[in-house]
Amino acid sequence: NFEHYKFGKPSKVWKYKSETGAGLGFVCRFDLPDGTKQVIPMVYASNGTTEKFHWMGMDVPRPLYNLDLISQNPNAKIIVVEGEKTADAVQENFDPSETIATCWVGGAQGIKNANWQPLKNRSVTLWPDNDTEQKYGETHMLSGQIKPWNEQPGNMAMLAINELIDSNSVDWIQNPDGLPHKWDAADNEWE
């Protein structure tokens with residue numbers, strides 16, 4: 001039962017698996033009435049007396065999405081994107097024996113908690129969301145100005161990941177000019 005006590009039923013549920021395909025937990029997306037979203041993990045855990053599913057973070061280090069595919073296809077290239085929805089959209093267009101899309105749990109704050117070890121010595125491509133218009137907050141000395149490329153959220157996330165992975169090859173997909181702010185690969189019209 002994925003019904004959340006505050007947010008109701010999720011609009012989407014993604015299953016995280018181990019290298020062998022065993023279930024490790026779920027990530028649930030809730031689309032809220034005000035147009036925002038909440039993304040919350042659910043894991044099987046003990047509270048000391050009973051074991052059941054709880055709305056709580058996964059153990060650290062946290063698994064990557066599609067970890068089973070990464071493990072089963074050691075020669076496949078890896079594309080790292082932001083979020084499960086985007087990973088699914090990318091994966092639908094590639095044979096997993098050649099290319100696997102993955103992401104991590106917990107957004108920008110979760111990068112440091114992810115287990116990037118499965119990408120060691122793999123060919124990795126980083127594909128950030130098209131964050132182009134985020135501005136500095138009211139308390140910043142550049143308040144209201146658009147942040148530079150390296151401070152836009154998607155690019156910051158991929159820069160952080162680039163520092164954490166031990167890969168034999170890392171490339172970036174640069175989103176073409178003219179795409180809307182916050183566009184991602186799930187918005188792509190795949191041919």
### Task
Kindly work out whether a path of hydrophobic side-chain contacts (I/L/V/M/F/W/Y, heavy atoms less than 4.5 Å apart) joins Trp183 to Ile173.
yes
### Task
Determine whether Ile40 and Leu32 fall in the same hydrophobic cluster, where Ile, Leu, Val, Met, Phe, Trp and Tyr are linked whenever their side-chain heavy atoms lie under 4.5 Å apart.
yes
### Task
Check whether any side-chain heavy atom of Lys77 lies under 4.5 Å from a side-chain heavy atom of Thr125, and answer yes or no.
no
### Message
With rounding to the nearest 0.5 angstrom, report the OG1 to CD distance, Thr132 to Gln134.
### Response
10.5 Å
### Query
For Asn162 and Trp172, does a side-chain donor sit closer than 3.5 Å to a side-chain acceptor?
no
### Message
Could you check whether any side-chain N or O of Asp68 sits under 3.5 Å from a backbone N or O of Lys17, counting only pairs where one atom can act as donor and the other as acceptor?
### Response
no
### Task
Considering non-hydrogen atoms only, spot the tightest contact between Arg122 and Pro74 and give its length.
NE-O, 3.2 Å
### Side chain proximity check, Glu82 to Pro128, heavy atoms < 4.5 angstrom
yes
### Task
Check Asn115 against Leu64 and note the closest heavy-atom contact, atom names and distance.
O-CG, 3.5 Å
### Message
Are the side chains of Leu119 and Ile70 in contact, using a 4.5 Å heavy-atom criterion?
### Response
yes
#### Entry: Other residues, nucleotides, ligands: >12 heavy atoms within 6.0 Å of Gln38 CD
yes
#### Entry: Validation row: Asn150, Asn155 side chains within 4.5 angstrom (heavy atoms)
no
### Query
Taking all non-hydrogen atoms of both residues, which atom of Ser143 and which atom of Glu138 are closest, and how far apart?
OG-CA, 3.3 Å
### Message
Tell me whether the rings of Tyr65 and Tyr16 are parallel (<30°), tilted (30 to 60°) or perpendicular (>60°).
### Response
tilted
### Task
Would you mind checking if Arg29 and Asp31 are paired as a salt bridge, meaning a charged N to carboxylate O distance below 4.0 Å?
yes
### Query
Side chains of Trp127 and Asn175: do they bring a donor and an acceptor to under 3.5 Å?
yes
### Task
Give, for atom CG of Asp88 and atom SG of Cys103, the distance between the pair rounded to the nearest 0.5 Å.
8.0 Å
### Message
Can you tell me how far apart NE2 (His54) and CD (Glu51) are? Round to the nearest 0.5 Å.
### Response
8.5 Å
### pair Cys28-His4: side-chain heavy atoms closer than 4.5 Å
no
### Task
State the CZ-CD distance between Phe30 and Glu3, to the nearest 0.5 angstrom.
8.5 Å
### Query
Do Met58 and Val27 have side chains that get closer than 4.5 Å, going by heavy atoms?
yes
### Message
Ignoring hydrogens, what is the shortest heavy-atom contact between Asp34 and Thr36? Give both atom names and the distance.
### Response
OD1-OG1, 2.5 Å
### Task
Output the distance between atom CD1 (Ile165) and atom CE (Met158), rounded to the nearest 0.5 Å.
9.5 Å
### Query
Is Val105 reachable from Met42 through a run of I, L, V, M, F, W or Y residues, each pair having side-chain heavy atoms under 4.5 Å apart?
no
#### Entry: Atom CG of Asp177 with >12 non-hydrogen neighbours under 6.0 angstrom
no
#### Entry: Heavy-atom check, side chain of Lys182 versus side chain of Asp129, under 4.5 Å
no
### Task
Give, for atom CG of Leu67 and atom CG of Leu24, the distance between the pair rounded to the nearest 0.5 Å.
7.5 Å
### Query
So which of Gln145, Glu151, Lys147 actually passes side-chain hydrogen bond (donor to acceptor under 3.5 Å, both in side chains) with Tyr136?
Glu151
#### Entry: Smallest separation among heavy atoms of Ala101 and Gln91, with atom names
N-OE1, 2.6 Å
### Task
Please check if atom CG in Asp171 has more than 12 non-hydrogen atoms from other residues, nucleotides or ligands closer than 6.0 Å.
yes
### Parallel, tilted or perpendicular: ring planes of Trp104 versus Trp116, cut at 30 and 60 degrees
tilted
### Query
Are Ile78 and Trp14 connected in the hydrophobic side-chain network, where two residues link if heavy atoms are under 4.5 Å apart?
no
### Query
Just wondering, do Val81 and Asp184 contact through their side chains at under 4.5 Å, heavy atoms?
no
### Task
Provide the closest heavy-atom pair for Asp131 versus Gly154 in the form atom of the first, atom of the second, distance.
OD2-N, 2.7 Å
#### Entry: Within one Ile-Leu-Val-Met-Phe-Trp-Tyr cluster: Met156 and Ile111, side-chain cutoff 4.5 Å
no
